[in-house]
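Just the heavy atoms: all of them, side chains too, but no hydrogens, waters or symmetry mates, feed the values below.
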Protein chains: 2
Amino acid sequence: MNNKKVTIKDVAARAKVSRASVSRVLNDYPGVKPELRERVNQAMDELGFAPNYFSQALAKGRSQSVGLMVRSLGGFFFGSIMCEVEEVLTKAGYQCMVTSGHGTYESERAAMEFMVSRQCDAIIVYSDCLSDEEIIKINQAGSPVVLISRFIQELDSQCIRFDDTSGAYQATKHLIANGHSDIATITGPLSNQDARDRLTGYRKALEEFAIPYRPELVLESNFQVPGGKLATEKLLAAKHHFSAVFYGNDEMAIGGIQALNHAGLSVPEDVSVIGFEDVPLNEFLKPKMSSMRIPVASIGNLAAKRALSLIAQEELDLALEVDVQLMERESVKTI
Amino acid sequence: MNNKKVTIKDVAARAKVSRASVSRVLNDYPGVKPELRERVNQAMDELGFAPNYFSQALAKGRSQSVGLMVRSLGGFFFGSIMCEVEEVLTKAGYQCMVTSGHGTYESERAAMEFMVSRQCDAIIVYSDCLSDEEIIKINQAGSPVVLISRFIQELDSQCIRFDDTSGAYQATKHLIANGHSDIATITGPLSNQDARDRLTGYRKALEEFAIPYRPELVLESNFQVPGGKLATEKLLAAKHHFSAVFYGNDEMAIGGIQALNHAGLSVPEDVSVIGFEDVPLNEFLKPKMSSMRIPVASIGNLAAKRALSLIAQEELDLALEVDVQLMERESVKTI
DNA sequence: TTGTACGCGTTATCAG
DNA sequence: CTGATAACGCGTACAA
């Protein structure tokens, strides 16, 4: 194949100007004679010229791209965030490079190194494992970082927050308000910050209403449907009484409901269930599942906007905290 | 911040060798004296040197990364593919750069240009809108392309295929085998190839069993839950009789079931439903939904492996076609 | 307004 | 086995 990459030099020759001039029209510099500009443009078209990205990046030290690290490339939560981030970024002329941290330290570290090495003009991060220091260091090293669902004092204005703890607290309180006191909870992997926070919120609510915390009613799972099912089966097998369960996310709740049904228990008649995150599907389940809504789209939107403002080095006057909200539906019964 | 990026030059000075030698140990070239190698490595460590990615890419014309274009960053189908592709790629020392084609021509074109400009060593593509010619051209221009769910004769060995048409045919046939003949279908956007193929399969089955094709029983929707609901409501409003509906994917089927229920119809007693793709959730719905399973993980796996083999320029002796499989559950009733 | 010449950080070629 | 030095393709002070 005729793989003679056409370069700025070829264009210059064709248009009978210097390479510098070509570069100028390429980056539309102010003072260039229209006539010359026209000639160069024409030459570009005729030769089918496209600037070499690496050369550009190397020469000016910016990549016109922002990185996005999520925990997983699959699933509703991160899927929604990716969609939103990608949309506003592309609209702004930036490209979005997505990587997965897999929730492990090595992976997160590698992903960050990757994005830094590509000189992402900014990096949006959902990190479970990286230390504050590491993140701060990266931020200072030239790639401004936007944190999702994590707060670091020094990076105050670069953190998009929503309160897992408070959300879990509200969820549990909702259960309590409906007369429940034997409340179980299935958490995500406690190595994840969000899972821990949600557990904390659960405990806080219990505490506030003077309900003793019973470790036998809390099981750790993995934020996924089959995991939720398994954990619920274990819970059932243990034969401790409970009238409600708060699931660390909706996926697990869905699995849990199935396990409950299998055991001949129906929701919400026999046991009440509340989830977390509020996947769109909740509306379509039977019974419709109550959950805490995390405004994922807003989060993605804010994160991307903040990244952009960081690049432009302008202040952004936006509230960086979003609220989680109780969505009452049919899976919680008053007793 | 002390942003003096340390370069190969600094390392060379520190180790008292030439830049060329540093480069050699960096790319572990065969003939380098261990003693010198050691000295350079030490200098690198002391200086905290990390090679500049753009320089490397510029100099050697390869980027050590492969691109992946999907239709959407969200949703189960593409989420699973992304996960799988990313996993095998990272394991092989490649980085994966994900972009979204949004199912529109402009977007797909831009995404491809992006990946080409980054000199992806290979590109994995799920494309709805690009023409065969465009794809072939990109493939020849130096970035080998792997197609997912699309067949182009000239790129025969680079197409990971599964048969949408045959899958839809099987699904419809399954309905027919269960005694149904008034079968509606809700399709995805017919601008998408897969949606069209699934419709074709539906028609083929009808034809085979001499059931007349009734346009009033086919509605176009958008592959999403609310869309499926809406379309089903329209179908209901039209008052044509049907005893079963084949949904172009599970998401729409889930929305559809809700609409059915709202209208006082229960599944499968009053109307049978079958979906497509087989999201893991199907197991957990009530009733458990029958569907055609597309082995998404295998697809991602194959695509990535093929991309790798293309880069290495070695033949890959793998079957590039995967089967979709009927998962019979509870949403189809024999009448 | 336009051209010259050098720098960006690496790799590749070719002597030595 | 190692060291100069020329690419790689583009941006940009500086000069004209």
Side chains of A:S127 and A:E108: do they bring a donor and an acceptor to under 3.5 Å?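 The answer is yes; a qualifying pair exists.
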Side chains of B:Y53 and B:Q95: is there a donor and an acceptor less than 3.5 Å apart? no
Would you check if [X] and [Y] make a side-chain contact, meaning some heavy-atom pair closer than 4.5 Å?
{"X": "A:F54", "Y": "B:S63", "answer": "yes"}
{"X": "A:E154", "Y": "A:Q140", "answer": "no"}
{"X": "A:L68", "Y": "A:E86", "answer": "no"}

Hey, what are the protein-to-nucleotides 8-12 of chain C N/O distances that come in under 3.5 Å?
unit_1, atom_1, unit_2, atom_2, d
C:dG9, O4', B:S55, OG, 2.6
C:dT10, OP1, B:N52, N, 2.8
C:dT10, OP2, B:I8, N, 2.5
C:dT11, OP1, B:N27, OD1, 3.3
C:dT11, OP1, B:N27, ND2, 3.1
C:dT11, OP1, B:Q56, OE1, 3.3
C:dT11, OP2, B:S23, OG, 2.7
C:dA12, OP2, B:Y29, OH, 3.3

Might you work through the salt bridge (Lys or Arg N to Asp or Glu O under 4.0 Å) test for B:E133 and B:K137, ending with a clear yes or no? CA-CA 6 Å; B:E133 289 69 33; B:K137 195 167 154 197; over 6 Å; no
Geometric class of the A:Y126/A:F78 ring pair [parallel <30°, tilted 30-60°, perpendicular >60°]: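 Geometry flag for A:Y126 against A:F78: perpendicular rings.
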Do A:R109 and A:E113 meet the salt-bridge criterion of a basic N to acidic O distance under 4.0 Å? yes
Please say which of B:R150, B:R71, B:Q193, B:H102 ends up in a side-chain hydrogen bond (donor to acceptor under 3.5 Å, both in side chains) with B:D128.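 Among B:R150, B:R71, B:Q193, B:H102, the one that satisfies the side-chain hydrogen bond (donor to acceptor under 3.5 Å, both in side chains) with B:D128 is B:R71.
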Five-pair end axes of the helix from C:dT1-D:dA16 to C:dG16-D:dC1, angle between them (10°):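 What I find for the helix from C:dT1-D:dA16 to C:dG16-D:dC1 is an axis angle of 40°.
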Check for a donor-acceptor pair, side chain of A:N139 on one end and backbone N or O of A:I135 on the other, with a separation under 3.5 Å. no
Which nucleotide of DNA chain D is the first, and which the last, in the 5' to 3' direction, to come under 4.0 Å of a heavy atom belonging to chain B?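 Contact span on the strand: D:dC1 to D:dG9.
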